[in-house]
Amino acid sequence: MRPEKKYLVEEARARLSASEHIFLVSFTGVKVSDASEFRRALAAAGAEFHVIKNSIIKIAAKELNLPSMDAVLEGQTGVISGGEDPAAVAKAVAQFFKARENASIKLGVLGEKIMSKEEVEYLGSLPSLPELRAKFLSLLNTPATQLVRVVFCKVEKEGGAPAEA
């Protein structure tokens, strides 16, 4: 293998192994200004977008023992990787490609599972990790708040705080 190609494969391998999730997208017909907007949206989620040759993706994916993506590797392919929260990255991807006619989501890889376009869009519709944590904490906090309200109402009903002994 030529040194230039080795460098490209190593670079692709680094991109594909940057996180446990990868999204492959078709980027045909997207303007440069839209691509810049897309990169900013991904950066907010901690992810990166790179266009990589299909042959290089095949070699790097094989070296990393990723599931076969050969069925969708045709035309221009963009690779999205990185970010802590796969749902936040999928949300940015789904929102961007919802408004684009020529461009589309090819597939996603989460761990060792290949996800279809519909599954990536569904993952994007889920709440992000901070939202889930906030909802969970509010669920834990609700019974304690209700208990305090009941005790407070009982004290007010009896005419104030109990006398100290």
Side-chain angles (χ1 to χ4, degrees), residues 1-140:
M1 189 180 303
R2 295 186 323 231
E4 304 88 37
K5 197 166 186 176
K6 280 185 182 181
Y7 173 76
L8 291 174
V9 170
E10 287 180 26
E11 188 73 21
R13 191 179 325 121
R15 301 275 180 233
L16 294 177
S17 64
S19 62
E20 67 176 29
H21 57 275
I22 303 163
F23 301 106
L24 299 182
V25 295
S26 168
F27 223 70
T28 305
V30 175
K31 297 177 187 174
V32 173
S33 59
D34 291 340
S36 297
E37 174 190 330
F38 183 50
R39 282 191 165 96
R40 279 192 294 277
L42 288 173
E48 294 180 348
F49 167 75
H50 298 279
V51 177
I52 303 174
K53 288 182 67 170
N54 293 330
S55 60
I56 301 296
I57 293 173
K58 286 179 187 180
I59 295 168
K62 188 175 180 180
E63 289 179 4
L64 291 171
N65 294 325
L66 292 174
S68 176
M69 300 177 248
D70 295 347
V72 297
L73 290 178
E74 54 189 40
Q76 285 186 328
T77 302
V79 177
I80 300 155
S81 63
E84 297 269 329
D85 186 11
V89 177
K91 184 175 291 193
V93 171
Q95 285 176 350
F96 180 78
F97 286 102
K98 188 183 299 183
R100 307 295 184 277
E101 290 180 16
N102 295 340
S104 65
I105 301 168
K106 290 184 175 184
L107 64 82
V109 178
L110 185 60
E112 294 183 10
K113 182 187 183 317
I114 291 209
M115 301 168 57
S116 67
K117 174 184 175 182
E118 292 78 21
E119 290 172 324
V120 172
E121 290 172 347
Y122 179 73
L123 181 63
S125 71
L126 296 175
S128 66
L129 190 58
E131 290 175 52
L132 287 175
R133 287 179 179 153
K135 287 180 182 182
F136 179 68
L137 288 176
S138 70
L139 285 174
L140 290 178

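Model, not experiment: these values are computed from the prediction.
For residues 51-63, the set of pairs meeting the side-chain hydrogen bond (donor to acceptor under 3.5 Å, both in side chains) definition, not counting sequence neighbours, comprises R13-E63, N54-T77.
With sequence neighbours excluded, the residues satisfying salt bridge (charged side-chain N to carboxylate O under 4.0 Å, His left out) with R2 are E4. Under the salt bridge (charged side-chain N to carboxylate O under 4.0 Å, His left out) criterion, E37 pairs with no residue, sequence neighbours left out. K31 is linked by a salt bridge (charged side-chain N to carboxylate O under 4.0 Å, His left out) to nothing, counting only residues two or more places apart in sequence or in another chain. In this view, E121 satisfies the salt bridge (charged side-chain N to carboxylate O under 4.0 Å, His left out) rule with no residue, not counting sequence neighbours. Listed by chain and residue number, F27, F38 satisfy the ring pair (Phe, Tyr, Trp, His ring centres under 6.0 Å) test with F49 (two or more places apart in sequence, or in another chain).
Atom CZ of F96 sits about 9.0 Å away from atom CG of L42, to the nearest 0.5 Å. Atom CG of L64 is separated from atom CG of L16 by 6.0 Å, given to the nearest 0.5 angstrom.
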request  = Step by step, work out the side-chain contact (heavy atoms from CB on, under 4.5 Å) result for I22 and I80.
outcome  = CA-CA 6 Å; I22 303 163; I80 300 155; over 6 Å; no

ask   = Stepwise, does the salt bridge (charged side-chain N to carboxylate O under 4.0 Å, His left out) test hold for K135 with E131?
value = CA-CA 6 Å; K135 287 180 182 182; E131 290 175 52; 5.2 Å; no

request  = Evaluate side-chain contact (heavy atoms from CB on, under 4.5 Å) for K106 paired with M69, printing each intermediate quantity in order.
outcome  = CA-CA 10 Å; K106 290 184 175 184; M69 300 177 248; over 6 Å; no

H21/V89 under side-chain contact (heavy atoms from CB on, under 4.5 Å): CA gap, chis, key distance, verdict = CA-CA 9 Å; H21 57 275; V89 177; 3.8 Å; yes

task = Go through the steps for E48 and R15 under the test side-chain contact (heavy atoms from CB on, under 4.5 Å), then give the verdict.
result = CA-CA 9 Å; E48 294 180 348; R15 301 275 180 233; 3.0 Å; yes

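A 4.5 Å side-chain heavy-atom check between V25 and S104 finds every atom pair outside the cut-off.
Heavy atoms only, all atoms of each residue included: G108 and F23 are closest at CA-CD2, 3.8 Å. Residues L107 and V120 share a closest heavy-atom pair of C-CG2, 4.3 Å. The shortest heavy-atom contact between D85 and P130 is OD2-CD, 4.3 Å. The heavy-atom pair separating S19 from G83 by the smallest distance is CB-O, 4.1 Å.
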